[in-house]
Asks: 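To start, I am sharing the structure in question, which I have written as structure tokens.
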Number of protein chains: 2
Amino acid sequence: MIHKHANATDVANLAGVSRSAVSRTFTEGASVSPETRAKVMEAAEELGYRVNFLARSLIRQRSELVALVVSDMDHSFRAALVDLLSRKLVAKGFRPVLLPWSEGDEPRQLIDMMLQYNLSGAIVTSDTPPAEIAADAARHGVPLVLVNKASVDSRVAHVNQDADAAGHLAAMALFEAGCQNIVYAGQARPSFSIDSRRASFLMAVATLGMTHRSTVTGGAQNHAGGMRAAQAFLEQGIAADGVYCCNDFFALGFLDGLRGSGIRVPHDLAIVGCDDIVEASWPAYDLTSVRQDTDEIAEACMRALADRIADPHSIAPRILTESTLVRRGSTARKLLGG
Amino acid sequence: MIHKHANATDVANLAGVSRSAVSRTFTEGASVSPETRAKVMEAAEELGYRVNFLARSLIRQRSELVALVVSDMDHSFRAALVDLLSRKLVAKGFRPVLLPWSEGDEPRQLIDMMLQYNLSGAIVTSDTPPAEIAADAARHGVPLVLVNKASVDSRVAHVNQDADAAGHLAAMALFEAGCQNIVYAGQARPSFSIDSRRASFLMAVATLGMTHRSTVTGGAQNHAGGMRAAQAFLEQGIAADGVYCCNDFFALGFLDGLRGSGIRVPHDLAIVGCDDIVEASWPAYDLTSVRQDTDEIAEACMRALADRIADPHSIAPRILTESTLVRRGSTARKLLGG
DNA sequence: GGTGCCGATGCACACCTGTGCAAAGGGTTT
DNA sequence: AAACCCTTTGCACAGGTGTGCATCGGCACC
């Protein structure tokens, strides 16, 4: 048998109070006497009453929904971040709406959603820069948090990896491993987070007295791209003893691309990645990596979102997240006495 | 400047028609003359009008929101499935609300959501069986689709891997590799999808004349669990030439756990996993696997959901998804002339 | 006892849309 | 010309809730 879902009016009738009393019972900070609240709660329990959030959101002009815009979810760094973000959002009473993003998608979809659902906010971890989205969000007063993206609007919050520190850590790892001739491996297509890490890495390489020999690219920033980059590296016969890859996924592909070539890691070639995804720690790879703490990033997103919701018109925060170096076998040359 | 979001009434005034005409213009299958529709569209464009889905959902008693309940999103099979599901849902006009699920979470959260947001439906890919959820969903007429879970209610749709076929394929892969003495490796905690695959695998092992030597376990069904299982396998000195792992993530850990032990894969020991996650194809592992086609699963979920929405009171469909064997190096013993 | 204050309560409006119903209008058939 | 049908349109109600405002009752204080 299908129960018709109970109304606030139904509860009010059963409890012998006005509907306002019911509403106030379920509204934080409203003024209700303990006795009325008790009566209401009892009646609500009996009827299985639940506040209708659609109606609540309609009148409050704000829903508990938060858009989670994400591309490349098959990348485990992204998957881990989405997992953490959705957990933290739910813990705070929000509802994350997952909006998968593909290269070349119309930004209209997100803008539509912001208005159609009175979103509480949106968190964007996609790599393609949706400039219009930022402007529209700001114009309509929808809190927006961008992760690892170039800053586009002073009313939009940003959570970015400290690219300078990250690039420096990567260079330092290769330096400590005794490297002199460095190769940077990454994708061809420009991307804000990747490009800024690359710039600061190259600067640190120079500062530490190492030489940037060459840059190899390999299509997308994933495993296949890394394999292709390794192939290019081998074919060009570049004389290098250290490689920094744009991210871990790519670095794992690079390592796989070297298999069977006779080049030994780390003895002949030290390798460093970025992100510290879980696969980097697996024995088959044992990859040294510049760790991005997904928990810290997610936490920063929550802070930024709360800030925007509390005061949407103030200047938006820009939070820098720290990176740490996780030393593993792929840069252990010195320890091996090489 | 913050635009007050335009009303249907605003659009009606600007277009010189009634509000009903505006509503009908944006309602599929409603009766509006082409001229009125044109006038309305023009006015809507000018005001940047968008239908408020909260109000629409409120009156239609049904929102476009679909709950996506998922645990272990750090498992790349799950991440890939969630990615596909959310893409397909969005393509059909739904909005996936991500509800991360942890072992031991209260099912109340999902039930609340079903009623508070007038969900169009829910897709559950979590492993822990929320029996109450199924009953409540059926009682309130909310379409529910369970993926790889035991059947709990005839009004709930199921999308399950054909476990018999999958178990048979795994056994066949080991048989073709020339194996005789088989070990099953998996987690200790019971799980419907894993357990049913195990049962049919063991039956096929017997049918093909091979011997099930032993079962080793290793905590959770992830990489760490696989490594621990390999350790146990080595310590117990089990005489086996073939291993079937409960899933790929676990199998990769098992392979990593064997490194340095002197056991060569596939020469001394053939290994088969299940799921065919992307990492299985990486050269470092080159794992033979029983493939679960995530696209087929996601497509089946969409069909099941559509079926439930169209006719919530009919008997729910049970869709079996096919598995295929992806042969790779970890069972290539015969080809090597071993 | 009168006055002022404060918390609790109910009324009524607002949030924004979909749709049944009746009416209107135009075209076709008898 | 009347009768009929079909498409289009507007009115008004429904969906379920939050909250400002006025009212009311009780309590403290002078």
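Both backbone and side-chain heavy atoms feed into the values below; hydrogens, waters and symmetry mates do not. Quick caveat, the model's predicted, so the values are computed rather than measured.
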Asks: In whole angstrom, what separates B:L47's CG from C:dC16's C1'?
Replies: 15 Å
Asks: With a 4.0 Å cut-off, would you call B:D307 and B:R303 a salt bridge?
Replies: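 No, B:D307 and B:R303 are not salt-bridged.
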Asks: Just the rounded figure in Å: distance from C1' of D:dG18 to CD of B:Q116.
Replies: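 After rounding, the gap between these two atoms is 16 Å.
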Asks: Given atom CZ of B:F53 and atom C1' of D:dG16, what is their separation to the nearest angstrom?
Replies: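 Value for this atom pair: 19 Å.
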Asks: Examine D:dG15: is either OP1 or OP2 under 4.0 Å from a nitrogen or oxygen in the side chain of A:N7? Give yes or no.
Replies: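 No, A:N7 has no side-chain N/O under 4.0 Å of OP1/OP2 on D:dG15.
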Asks: In whole Å, what is the span from the CG atom of B:N52 to the P atom of C:dG18?
Replies: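 After rounding, the reported distance stands at 9 Å.
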Asks: Taking atom types as modelled, find out whether A:S23 and A:S20 have a side-chain donor-acceptor pair closer than 3.5 angstrom.
Replies: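 There is no such pair (donor and acceptor under 3.5 Å, judged by atom type) between the side chains of A:S23 and A:S20.
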Asks: Separation of B:L54 atom CG from C:dG18 atom C1', in whole Å?
Replies: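 Result: 15 Å.
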Asks: Side chain of A:V17: nearest nucleotide among C:dG18, D:dT17, C:dG10?
Replies: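 Out of C:dG18, D:dT17, C:dG10, the nucleotide with an atom closest to A:V17's side chain is C:dG10.
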Asks: How many angstroms lie between atom CZ of A:R95 and atom CG of B:L65, to the nearest 0.5 angstrom?
Replies: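 Between atom CZ of A:R95 and atom CG of B:L65 there are 11.0 Å.
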Asks: Just how far, in rounded Å, is P of D:dT19 from CG of A:L58?
Replies: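 That distance rounds to 13 Å.
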Asks: Can you find a side chain N or O atom of B:Y49 that sits less than 4.0 Å from OP1 or OP2 on C:dC16?
Replies: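 Result: no.
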Asks: Taking B:H75 for the side chain and B:F77 for the main chain, is one N or O donor matched with an acceptor at less than 3.5 Å?
Replies: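 Pair found, side chain donor or acceptor close to backbone of B:F77.
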Asks: Without decimals, in angstroms, what is the distance between A:I59 CD1 and C:dC15 C1'?
Replies: 5 Å
Asks: Determine whether a donor-acceptor pair (one donor, one acceptor, N or O, separation below 3.5 Å) exists between the side chain of B:T9 and the base of C:dC16.
Replies: no
Asks: Ignoring hydrogens and angles, answer whether the base of C:dC11 and the side-chain atoms of A:S18 contain a donor-acceptor pair closer than 3.5 Å.
Replies: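 Result: no qualifying N/O pair found.
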Asks: May I ask you to list the residues of residues 21-38 of chain A, by number, that have any heavy atom positioned under 4.0 Å from an atom of DNA chain D?
Replies: A:S23, A:R24, A:T27
Asks: Which nucleotide in the set D:dG15, C:dG18, D:dT19 lies at the smallest distance from any side-chain heavy atom of A:S20?
Replies: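 Selected nucleotide (nearest to the side chain): D:dT19.
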Asks: Confirm from the modelled atom types if B:R19 and C:dG18 form a donor-acceptor pair under 3.5 Å, side chain to base only.
Replies: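 Answer yes: a donor N or O sits under 3.5 Å from an acceptor.
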Asks: State plainly whether the residues A:D295 and A:K88 are in salt-bridge range, i.e. N to O under 4.0 Å.
Replies: yes
Asks: Compute whether any side-chain donor of one residue and acceptor of the other, for A:S63 and A:R56, lie under 3.5 angstrom apart.
Replies: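 A:R56 and A:S63 do not have a side-chain donor-acceptor pair below 3.5 Å.
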Asks: How are the rings of B:Y49 and B:H5 set relative to one another: parallel (under 30°), tilted (30 to 60°) or perpendicular (over 60°)?
Replies: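 B:Y49 vs B:H5 ring planes: parallel.
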Asks: Distance check needed: D:dT17 P versus A:R62 CZ, whole Å only.
Replies: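 Rounding to the nearest Å, CZ of A:R62 and P of D:dT17 are 21 Å apart.
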